[in-house]
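Worksheet: one structure, shown below.
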Amino acid sequence: MYNIRQKIISMQYFRLRFYLNFGGKLALLGVVFLSLFPVIASAAQSVMITVTKGFGLSLYASDLGDIKQLAVGDEGTLFVGSQKSGTVYALVDSDQNGQVDKRYLIARGLDYPEALAFHDGALYVTEDDRIIRFEEIESRLRRPSRAREVYSNLPSLDKKYSRSMHFGPDGRLYVAIGSPCNVCEASSPFGSILAINVDTGASEQIASGLRSVIGFDWSPDTNKLWFADLGRDWMGDNIPADEINRLDIKGSHFGFPYLHGTDVIEPAYDKPDNLNITLPEFELPAHVAATGLSFYRGEQFPERYRKQIFVAENGSWNRSSKVGYQIVMLVMEDNKIVKRETVVSFLDGEFPVARPFDVINAPDGAMYISDDLKGNIYRLFYNAPEQSQEKNNE
């Protein structure tokens with residue numbers, strides 16, 4: 001692992017550059033804005049981000065508020081939704097230098113537009129209890145068309161719950177709707193994943209028994225749906241686990257609120273006798289808060305990273321010491337997860353430099369990471385060691 005160090009000497013330095021050492025060679029990674037770090041005037045302070053050898057991390061965009069989920073358009077536009085600020089932005093790197101130079105406000109004043117999806121030239125956004133669509137958005141970034149409602153049966157926002165969405169291989173819009181509680185028996189469609197035909201509005205519940213699913217994606221090899229589910233709070237530092245699940249049978253129940261992880265029984269509710277529960281494929285440590293999940297589909301990273309699951313661990317709050325705050329890769333063999341490796345850590349001791357929320361493939365083979373702590377977006381890329389580059393050129 002290599003360390004990115006940032007030292008601020010005084011408040012007069014409002015923009016500073018940070019570097020990562022690749023085998024003794026300094027590589028410029030980007031501009032870090034002062035807003036990234038809480039500092040005190042004239043007081044020296046050092047923070048650290050840890051990145052796996054061979055990888056680089058640059059600041060792609062900043063000052064975006066309480067950003068959450070990401071979506072990428074056909075022409076490479078990066079869309080990002082907020083939660084409380086009610087805004088949706090489009091970000092463009094027109095000169096392709098690894099930093100956003102144009103940003104467009106697509107919408108504001110929306111109710112919790114944190115979930116985004118892009119399909120057939122249109123941007124889909126959750127807003128209050130509905131899903132809206134911006135047509136031909138990449139050709140109308142300066143003056144977006146009026147949004148059209150395509151679905152209106154989401155639960156009301158009078159109860160707090162998570163939601164996220166992606167288009168599946170079958171062309172339907174899959175929407176994950178979290179439970180409105182730490183632990184409870186909530187009525188449908190809470191705690192489920194729906195598949196929606198955006199042309200007809202017809203919906204189908206394909207999974208239930210979920211607490212809070214935000215990150216999900218389909219395997220490039222099998223088209224099976226994989227997703228992360230956040231474990232409940234207030235059971236201690238080390239239980240229950242966050243879960244990585246796979247949907248093999250439509251309509252499967254994944255245990256919430258009766259069973260957490262593979263073996264933690266919920267004391268407040270008894271499991272119905274006739275309920276069959278699908279157990280997790282893999283358990284993450286408790287409280288890491290796995291909010292983003294994407295299979296890596298690019299070719300920029302080395303072979304061992306391709307078609308593997310990348311997870312954004314947003315980080316703990318209900319724990320005596322912090323865990324998570326990192327991007328990890330779940331190594332798969334024969335469609336099974338065999339281990340978990342840290343790729344980027346934003347945790348410096350007990351100090352979180354960032355809280356990664358979402359991770360998504362970039363068109364050039366890099367990956368984008370949203371940070372809902374400081375409103376930044378990072379670009380994770382691979383910079384092959386010089387020796388390997390020379391070998392590839394032979």
Side-chain angles (χ1 to χ4, degrees), residues 66 68-69 82-84 111-112 114-115 126 128-129 154-165 175-194 205 207-216 227-245 247 252-272 275 277-293 311-326 347 350 352 355-358 372-373:
D66 61 324
K68 297 293 183 182
Q69 297 167 46
S82 70
Q83 192 177 64
K84 296 179 181 178
D111 288 329
Y112 290 82
E114 74 272 28
T126 55
D128 192 14
D129 59 354
L154 295 180
S156 172
L157 285 173
D158 60 350
K159 295 182 178 180
K160 183 180 178 182
Y161 68 96
S162 63
R163 52 195 184 180
S164 60
M165 60 186 185
V175 182
I177 299 173
S179 296
C181 56
N182 177 41
V183 58
C184 62
E185 291 181 310
S187 59
S188 178
F190 288 116
S192 71
I193 298 177
L194 304 180
Q205 181 174 287
S208 61
L210 311 174
R211 181 175 180 270
S212 182
V213 171
I214 302 172
F216 62 93
F227 59 89
D229 194 8
L230 278 62
R232 66 157 293 185
D233 297 314
W234 306 114
M235 293 188 83
D237 275 2
N238 300 314
I239 59 170
D242 278 5
E243 301 176 8
I244 301 296
N245 293 287
L247 180 65
S252 294
H253 192 287
F254 290 87
F256 184 82
Y258 313 110
L259 182 69
H260 310 291
T262 59
D263 58 4
V264 177
I265 297 174
E266 171 57 48
Y269 299 99
D270 293 328
K271 181 181 81 69
L275 180 64
I277 292 176
T278 301
L279 297 179
E281 287 294 311
F282 190 76
E283 290 188 327
L284 299 172
H287 308 298
V288 297
T291 51
L293 184 153
V311 174
E313 297 180 353
N314 193 236
S316 60
W317 65 270
N318 182 231
R319 199 175 188 279
S320 59
S321 60
K322 290 183 172 60
V323 292
Y325 303 90
Q326 61 183 351
L347 192 60
E350 284 289 298
R355 295 194 72 176
F357 191 90
D358 199 6
D372 69 349
L373 178 65

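Counting from 1, the numbers follow the sequence of the chain as shown. We use all heavy atoms of the structure for the numbers below, so side chains are in, but hydrogens, waters and symmetry mates are not.
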### Query
Given side chains that start at C-beta, do those of E283 and T262 come closer than 4.5 Å, heavy atoms only?
yes
### Query
In Å and rounded to the nearest 0.5 Å, what is the CZ to CG distance from R355 to L347?
10.5 Å
### Query
Quick one: does D66's side chain have a donor or acceptor within less than 3.5 Å of a partner on Q83's backbone?
yes
#### Entry: For P189 against S192, the heavy-atom pair lying closest together
O-OG, 2.5 Å
### Task
Return yes if some donor-acceptor pair links the side-chain N/O of R163 with the main-chain N/O of I177 below 3.5 Å, else return no.
no
### Message
N245 and side chain to side chain contact (heavy atoms under 4.5 Å, CB included): which single residue from F282, F254, F216 fits?
### Response
F254
### Task
Would you indicate whether the side-chain heavy atoms of F357 and I214 approach each other to under 4.5 Å?
yes
### Query
Atom CG in L194, atom CE in M165: separation rounded to 0.5 Å?
12.0 Å
#### Entry: From CD1 (I244) to CZ (F227), nearest 0.5 Å
9.5 Å
### Side-chain donor or acceptor of D229 paired with backbone N/O of E243 under 3.5 Å
no
#### Entry: Expected output: side-chain D128 to main-chain D111 donor-acceptor under 3.5 Å
no
### Message
Using side chain to side chain contact (heavy atoms under 4.5 Å, CB included), reason through E313 and Y325 one step at a time and then give a plain yes or no.
### Response
CA-CA 5 Å; E313 297 180 353; Y325 303 90; over 6 Å; no
### Query
Y161 versus S212: any side-chain heavy-atom pair under 4.5 Å?
no
### Task
Compare every heavy atom of A115 with every heavy atom of Q69, then report the nearest pair and how far apart it is.
OE1-CA, 3.4 Å
### Query
Short question: side chain of D129, backbone of P155 - any donor-acceptor pair under 3.5 Å?
no
### Query
Does the side chain of E114 come within less than 4.5 Å of T126's, by heavy atoms?
yes
### Query
Between D242 and A286, is there a donor-acceptor pair closer than 3.5 Å when you use the side chain of the first and the backbone of the second?
no
### Message
Please report the interatomic distance CG(L373) to CG(N314), rounded to the nearest 0.5 Å.
### Response
9.0 Å
### Main-chain N/O of G292 paired with D358 side-chain donor or acceptor, under 3.5 Å
no
### Task
Measure the shortest side-chain to side-chain distance between Y112 and K84 over non-hydrogen atoms and say whether it is less than 4.5 angstrom.
yes
### Task
Looking only at non-hydrogen atoms, find the nearest pair between A228 and A290 and report the distance.
CB-O, 3.6 Å
### Query
Heavy-atom count around K271 NZ within 6.0 Å, excluding the residue itself: above 12?
yes
### Query
Within a strict 4.5 Å, meaning less than it, do heavy atoms of the F256 and S208 side chains meet?
no
### Task
Kindly check if the number of other-residue, nucleotide or ligand heavy atoms within 6.0 Å of CG (D158) is above 12?
yes
### Task
Would you give the length of the straight line joining atom NZ of K160 to atom CG of N182, rounded to the nearest 0.5 angstrom?
11.0 Å
### Query
Do V311 and L293 touch side chain to side chain, with heavy atoms closer than 4.5 Å?
yes
### Query
Just one of L275, V264, I277 clears the side chain to side chain contact (heavy atoms under 4.5 Å, CB included) bar with L259, so which one?
I277
### Task
Determine, step by step, whether V183 and W234 satisfy the side chain to side chain contact (heavy atoms under 4.5 Å, CB included) criterion, reporting the C-alpha distance in whole Å, the side-chain angles of both residues, the deciding distance to 0.1 Å, and the verdict.
CA-CA 10 Å; V183 58; W234 306 114; over 6 Å; no
### Query
Just by distance, do the side chain of R211 and the backbone of P257 share a donor-acceptor pair under 3.5 Å?
no
#### Entry: Closest heavy-atom pair and its distance - P280, G261
CD-O, 3.6 Å
### Message
Looking at G255, is its backbone amide N or carbonyl O close enough to the side chain of H260 to form a donor-acceptor pair, meaning the two atoms are under 3.5 Å apart?
### Response
no
### Query
Taking S316 for the side chain and V323 for the main chain, is one N or O donor matched with an acceptor at less than 3.5 Å?
yes
### Query
If we only count heavy atoms from C-beta on, is the N238 to R319 side-chain gap below 4.5 Å?
yes
